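Only a predicted model underlies this, so the values are computations on that prediction, with no experimental measurement involved. In what follows, chains are A, B, ... by sequence order, proteins preceding strands, each numbered from 1.
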Amino acid sequence: MQRQVRTRFAPSPTGYMHVGNLRTALYEYLVAKSHDGKFILRIEDTDQERLVEGAVDVIYNTLKLCGMQHDEGPDIGGPYAPYVQSERKNLYKPFAEELVKKGHAYYCFCTRERLDALRTEAEAKNQTFMYDRHCLKLSRAEIDEKLKSGVPYVIRQKMPREGSTTFEDAVYGSIAVENNMLEDQILLKSDGLPTYNFANVIDDHLMDITHVVRGSEYLSSTPKYNLLYEAFGWEIPVYIHLPLIVKPDGSKISKRKGDATFEDLLKMGYLVEAVINFIALLGWSPDSNQEIFSLAELEKAFNIKNISKSPSSFDMDKLKWFNAQHIRAMSPERFHDLALPYLTESITNKDIDLRKVSRILQARTEVLTDIPSKVGFFDELCDYDLNIYVHKKMKTTFENSLSSLKEALPVLDAIDDWNETAIHDSLMSLIERLGIKNGQMLWPVRTAITGWEVTPGGALEIADILGKTETIRRIKIGIERLENALSASR
RNA sequence: GGCCCCAUGGUCAAGAGGUUAAGACACGGCCCUUUCAAGGCCGUAACGGGGGUUCGAGUCCCCCUGGGGUCACCA
């Protein structure tokens, strides 16, 4: 019996969720769920200078919205509580001290000033700065003395000087790094809190995390973590480093550069499930050619071996397509619920049946925010350029448009039970009787009742939605305007 | 710059030595059609370069080039 798979999403509360982070969360969730494992949420807030109010709620909301319910976390507790690093603050120091005793770490009393000076100096010489191990040379007595007199200190990891460290990654394979490239990184900060680099190892071990999933930007610091696990004699987790999601220009998606966050995408009219579907396929591909996935389907299809190594770029066109696919696939009821707030932005006329508008819109909507600009003509008929009556392919002119409208008027007026079928039947038999092409009747009618060159839906659907009175009124306006134009030109 | 990673059409990507090098987005065309969509059909378009290994290389090795990541008392 193997250990139960446990993954963890360990964001720092920054107040927003960018898509790279969200994808990491998704893959962590999928790795766990595809193995019947547990998905844990842990908040990494050891940077006291970057605390953001309400930021943790953003994380909860996002996971909830996406349907990636965590099995353990700060809000719901669990056997490894607490799940917030700042609430675990007292737990890390003894581990750091243990490392000092074992000779894998040491106290460092260097001031920031000294470090900064060293760094500046190195930069001036165009060298890579690396801590000079100044405090490693301190004697036992000197250390005790400084400790006793309360000199601020940090604890640094002592890296081996020789040899190399190798680690295995489930997607990148075996990676080796020369130990002399590893800096004696800080484990415990002078405020007593651990750095991410330390806390993450301690917590992953304490919380029994079996698979560490994170972005490939952590690849280069992973050897240091391995050394830590080894120093403690702990079992090393499976590492799953994910290729980066980059922008179309190839650069990293970064916070603070105005790149769209998950929240932004929702505001832009994208669906949660479309975003999830899209990012699931950025860096992973299924065994089949299937492209449209629900979260539940992803849980079944996901596997670690199909994660790719190369970075992929976030293509809004493709996202838009996924969004359109999900919109088309949903029930008319759900689409209507989603569309409603956008519809009411440009339709205030209470006589318009918004449910019917939704129906003609569903196949024509790629993002929800497209909606308001598509339906304004329902609300009121604006002034329009008469030239739109003239359509080459429909073979329409001012003259035959006018005559079609005049013919249509009494026929429509005669309909008692105004509905799409009745309108259809009346107009179609009229067309047959007149012996003209459908377009020669329907194009002018649609033009007259909308005033727009392009509309969602055709003459019949729109006439039905507008209602008899309004349809007739608009056709009369069309007739009048066309007559005026024709008599003026004579 | 040091170290690490990556490299198939514009984009996402299949491909695990022998394929006419899938599929999708975007783009173009055609069909359907009362506009626009949706849908259907068709098309343009790729293995970065050079050396090896092999009967045979997109697939394996090396070099180059290009791109990215990382070098904090941030995570």
Side-chain angles (χ1 to χ4, degrees), chain A residues 10-14 44-47 49-50 85 108 110 112 115 119 126-130 152-156 169 172-173 175-178 180-183 185-191 193-197 199-200 214-223 241 243-244 246 248 250-252 278 281-292 305-306 308-322 324 328 360-366 374 388 391 393-394 396 427 431 437-447 450 452-462:
Chain A
S12 62
T14 54
E44 310 239 341
D45 60 348
T46 53
D47 186 358
E49 290 172 19
R50 292 210 306 194
Q85 284 184 335
C108 172
C110 291
R112 287 180 201 253
L115 263 19
R119 210 184 313 274
N126 227 332
Q127 290 172 344
T128 305
F129 169 74
M130 208 179 274
Y153 68 92
V154 301
I155 292 180
R156 285 182 184 270
D169 184 88
Y172 288 94
I175 296 175
V177 175
E178 296 298 319
N180 61 20
M181 296 306 303
L182 305 176
E183 188 183 30
Q185 65 175 349
I186 290 173
L187 267 19
L188 204 71
K189 299 186 271 190
S190 57
D191 63 3
L193 288 174
T195 58
Y196 163 83
N197 293 317
N200 129 278
R214 50 158 96 105
S216 64
E217 66 266 32
Y218 290 97
L219 229 29
S220 58
S221 38
T222 302
H241 285 95
L244 253 24
V246 299
S251 66
K252 187 183 177 181
F278 176 51
L281 264 28
L282 279 183
W284 173 80
S285 58
D287 285 322
S288 70
N289 260 344
Q290 184 178 347
E291 299 228 55
I292 303 302
K305 84 172 192 342
N306 288 10
S308 73
K309 298 180 190 180
S310 44
S312 40
S313 97
F314 193 87
D315 179 10
M316 289 299 275
D317 277 336
K318 188 96 186 221
L319 205 214
K320 192 175 272 193
W321 177 78
F322 274 107
R328 280 169 226 149
I360 61 173
L361 235 32
Q362 187 163 1
R364 287 173 246 255
T365 303
E366 290 188 299
K374 286 176 187 281
I388 64 180
H391 192 287
K393 197 170 153 232
M394 296 300 118
T396 55
L427 247 25
I431 288 166
K437 288 179 47 130
N438 289 350
Q440 289 177 312
M441 172 60 68
L442 298 172
W443 175 272
V445 169
R446 193 189 58 82
T447 300
T450 65
W452 285 17
E453 202 168 6
V454 173
T455 56
L460 306 171
E461 295 156 306
I462 294 170

Strictly distance-based, threshold 3.5 Å: is any side-chain N or O of A:Arg446 a donor or acceptor partner for the main-chain N or O of A:Glu453? yes
Mate of B:A22 across any strand shown (Watson-Crick or G-U wobble, both atom pairs under 3.5 Å) is none
With the criterion being N/O to N/O and under 3.5 Å, what pairs connect the protein with nucleotides 31-34 of chain B, and how long is each?
residue, atom, partner, partner atom, Å
B:U34, OP1, A:Asn438, ND2, 2.7
B:U34, O2, A:Ala459, N, 3.1

Worksheet item: Do A:Gln185 and A:Leu187 come close enough that some side-chain heavy atom pair is under 4.5 Å?
Response: yes
Pairing partner of B:A57, by Watson-Crick or G-U wobble and under 3.5 Å for both distances, is none
Rounded to whole Å, the CG-C1' distance (A:Asp287 to B:G15) equals 13 Å
In short, A:Met130 meets A:Leu182 closest at the heavy-atom pair SD-O, 4.0 Å
Using modelled atom types and a 3.5 Å cut-off, is there a donor and acceptor pairing between side-chain atoms of A:Tyr196 and backbone atoms of A:Thr46?
no
- Message: I'd like to check A:Arg214 versus A:Asn200 (side-chain heavy atoms, cut-off strictly below 4.5 Å). Are they in contact?
- Response: yes
Hey, what are the protein-to-nucleotides 67-71 of chain B N/O distances that come in under 3.5 Å?
residue, atom, partner, partner atom, Å
B:U70, OP1, A:Lys252, NZ, 2.8
B:U70, O4', A:Ser220, OG, 3.4
B:U70, O2', A:Ser220, OG, 3.2

* To do: State whether a side-chain donor-acceptor pair under 3.5 Å links A:His241 with A:Thr222.
  => yes
Scanning all shown strands, the Watson-Crick or wobble mate of B:G66 with both distances under 3.5 Å is B:C6
Checking N1-N3 plus N6-O4 or O6-N4 for Watson-Crick, or N1-O2 and O6-N3 for wobble, each under 3.5 Å, the partner of B:A13 is none
Between A:Phe278 and A:Thr195, whichever has its closest RNA chain B nucleotide further toward 5' is A:Phe278
To the nearest angstrom, the CD-C1' distance between A:Glu291 and B:U11 comes to 12 Å
Among B:A13, B:U35, B:A38, the one nearest any side-chain atom of A:Ser308 is B:A13
message = Does a side-chain N or O of A:Thr450 approach OP1 or OP2 of B:U35 to a distance below 4.0 Å, or not?
response = no
**Item:** 4.5 Å side-chain heavy-atom contact, A:Trp284 and A:Ser312
**Value:** no
Applying the 3.5 Å cut-off to both distances, the Watson-Crick or G-U partner of B:A72 turns out to be none
Rounded to whole Å, CG of A:Leu282 lies from P of B:C25 at a distance of 15 Å
d(A:Ile388 CD1, A:Thr450 OG1) to nearest 0.5 Å is 6.5 Å
All heavy atoms of A:Gly439 vs all of A:Pro444, minimum pair found to be O-CD, 3.4 Å
Do A:Asn438 and A:Trp443 touch side chain to side chain, with heavy atoms closer than 4.5 Å? no
Please verify the inter-ring angle class for A:Phe278 with A:Phe314; under 30° counts as parallel, over 60° as perpendicular, anything in between as tilted.
perpendicular
Expressed in whole Å, how much space separates the P atoms belonging to B:A22 and B:G43?
11 Å
With a 4.0 Å limit, can you tell me whether A:Lys189 has a side-chain N or O closer than that to the phosphate oxygens OP1/OP2 of B:A75? yes
Between CD of A:Gln185 and P of B:C74 the distance, given in whole Å, is 12 Å
Between CG of A:Asp315 and C1' of B:U11 the distance, given in whole Å, is 5 Å
Partner of B:C41 under the Watson-Crick or G-U wobble criteria, both distances under 3.5 Å, comes out as B:G29
| Distance test, side-chain N/O of A:Ser285 to OP1/OP2 of B:A14, below 4.0 Å | yes
Separation of B:C74 atom P from A:Asp45 atom CG, nearest Å, is 13 Å
Pairwise C1' distance, B:C32 and B:A45 [rounded to whole Å]:
27 Å
With a 3.5 Å cut-off and heavy atoms only, can you find an N or O donor on one side and an acceptor on the other between the side chain of A:Lys318 and the base of B:A24? yes
Per nearest nucleotide of RNA chain B, the residue lying toward the 5' end, A:Thr455 or A:Leu319, is A:Leu319
When rounded to whole Å, the CG to P distance for the pair A:Asp191 and B:C73 reads 12 Å
Going 5' to 3' through nucleotides 57-65 of chain B and flagging B where a protein heavy-atom sits under 4.0 Å of the base, S where only the sugar-phosphate is that close, and - otherwise, we get ---------
- Is it true that a side-chain atom of A:Thr455 and a backbone atom of A:Gly457 form a donor plus acceptor pair closer than 3.5 Å? yes
Side-chain contact check for A:Met181: nearest option of B:A7, B:A38, B:G2 is B:G2
### Message
Could you tell me if the side chain of A:Gln290 sits less than 4.5 Å from the side chain of A:Leu281, heavy atoms only?
### Response
no
